[in-house]
Colleague: 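Got a structure here, written out as structure tokens. Questions coming.
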Amino acid sequence: MTTDAFFGRVYHVVRQIPPGRVATYGQIARLLGEPHAARTVGWAMRASTDPTVPWHRVVNAQGRISAEGTRREGPLQRALLEEEGIDFDARGRVDLGLYQWRPPPEVSPRPA
DNA sequence: AGCCTGACTCGGA
DNA sequence: CTCCGAGCCAGGC
């Protein structure tokens, strides 16, 4: 479908991030075929209040939280992640090489 | 239609 | 390691 709903696609991907794992804005954008739409992804997260979307599992490319303090209410993103077993270093960063979510191959569009 | 902003990212100083 | 500037995308005014 040519239908817009870029946001919808973003949520669809974010919903697939399992607990204890994180993804970056750029990673999601790339999965959607828009490697330069990272900002839009972040915006989609902020715009959405959908509880089924684990927005807290999305951090920036540096493994750092970009939304800390931006939210008026609710638990801090970092707290939610630590609850899932994710560890932060002294600078408040996540080791992406250790916790970054690895999206499944999904339906191979082109079987060998 | 045009201009500004933003939960981003990368490259250079 | 931190700071700055430019590129990209979609929405609000």
Side-chain angles (χ1 to χ4, degrees):
Chain A
M1 318 261 296
T2 66
T3 65
D4 21 301
F6 181 72
F7 283 28
R9 277 178 283 172
V10 171
Y11 301 146
H12 178 67
V13 172
V14 174
R15 263 194 287 263
Q16 295 177 62
I17 306 173
R21 284 278 142 89
V22 299
T24 70
Y25 299 94
Q27 178 186 1
I28 294 170
R30 182 170 282 182
L31 288 174
L32 296 174
E34 298 280 331
H36 294 283
R39 304 186 82 173
T40 306
V41 172
W43 193 18
M45 294 288 93
R46 175 166 130 28
S48 158
T49 55
D50 193 322
T52 68
V53 178
W55 57 273
H56 60 279
R57 299 194 188 124
V58 185
V59 299
N60 61 32
Q62 301 167 35
R64 227 172 186 195
I65 295 173
S66 306
E68 209 66 302
T70 326
R71 233 171 160 219
R72 303 183 187 182
E73 45 185 79
L76 296 177
Q77 184 172 353
R78 174 172 173 163
L80 291 171
L81 292 177
E82 292 183 311
E83 234 175 273
E84 299 183 347
I86 293 178
D87 188 45
F88 285 72
D89 65 10
R91 289 208 238 34
R93 300 202 302 183
V94 177
D95 184 337
L96 292 179
L98 196 62
Y99 299 111
Q100 182 164 46
W101 170 56
R102 233 195 133 176
E106 229 182 290
V107 233
S108 308
R110 168 240 322 214

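Quick note on labels: first sequence line is chain A, next is B, and so on, each numbered from 1.
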Colleague: Counting side-chain heavy atoms from CB outward, which of dT9(B), dA7(B), dC9(C) is closest to Trp55(A)?
Modeller: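 The answer is dA7(B), which lies nearest to the side chain.
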
Colleague: Would you indicate which nucleotide in dC8(C), dA7(B), dA10(C) comes nearest to any side-chain atom of Tyr25(A)?
Modeller: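 Within the option list, the nearest is dA7(B).
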
Colleague: Might you confirm whether atom CZ of Arg78(A) has over 12 heavy atoms from other residues, nucleotides or ligands at distances under 6.0 Å?
Modeller: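 Counting other residues, nucleotides and ligands, CZ of Arg78(A) exceeds 12 neighbours.
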
Colleague: Scan Thr40(A) against the nucleic acid and name what it touches under 4.0 Å (heavy atoms): base, sugar-phosphate only, or nothing.
Modeller: base

Colleague: Return the nearest nucleotide to the side chain of Ala61(A); candidates are dC10(B), dA7(B), dC8(B).
Modeller: dC10(B)

Colleague: Check every atom of dA7(B), dT9(B), dC1(C) against the side chain of Arg46(A) and return the nucleotide holding the closest atom.
Modeller: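 The listed nucleotide nearest to Arg46(A)'s side chain is dA7(B).
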
Colleague: Starting from Ile65(A), can I reach Leu80(A) by hopping between I/L/V/M/F/W/Y residues whose side chains sit under 4.5 Å apart?
Modeller: no

Colleague: From C-beta outward on Phe7(A), which listed nucleotide comes closest to its side chain: dA7(B), dA10(C), dC8(C)?
Modeller: dA10(C)

Colleague: For Arg57(A), report the nucleic acid contact type (base, sugar-phosphate, nothing); a contact means any heavy atom under 4.0 Å.
Modeller: nothing

Colleague: Quick one: which of dC9(C), dA7(B), dC8(B) gets closest to the side chain of His36(A)?
Modeller: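 Comparing dC9(C), dA7(B), dC8(B) against the side chain of His36(A), the answer is dC9(C).
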
Colleague: Look at the side chain of Gln77(A) and the backbone N and O of Val58(A), then say whether any donor-acceptor pair between them is shorter than 3.5 Å.
Modeller: yes

Colleague: Can you measure Glu68(A) atom CD to dA7(B) atom P for me and round it to whole angstrom units?
Modeller: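 Rounded to whole Å, this separation is 13 Å.
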
Colleague: Is there a donor-acceptor pair under 3.5 Å between the side chain of Glu34(A) and the backbone N or O of Val41(A)?
Modeller: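 Between the backbone of Val41(A) and the side chain of Glu34(A) there is no qualifying donor-acceptor contact (under 3.5 Å).
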
Colleague: Looking at every strand, decide which applies to Arg30(A) at a 4.0 Å heavy-atom threshold: base, sugar-phosphate, or nothing.
Modeller: nothing

Colleague: What nucleotide among dC9(C), dC8(B), dC1(C) has an atom nearest to a side-chain atom of Arg91(A)?
Modeller: dC1(C)

Colleague: Output the rounded distance in Å from CE (Met45(A)) to C1' (dC9(C)).
Modeller: 15 Å

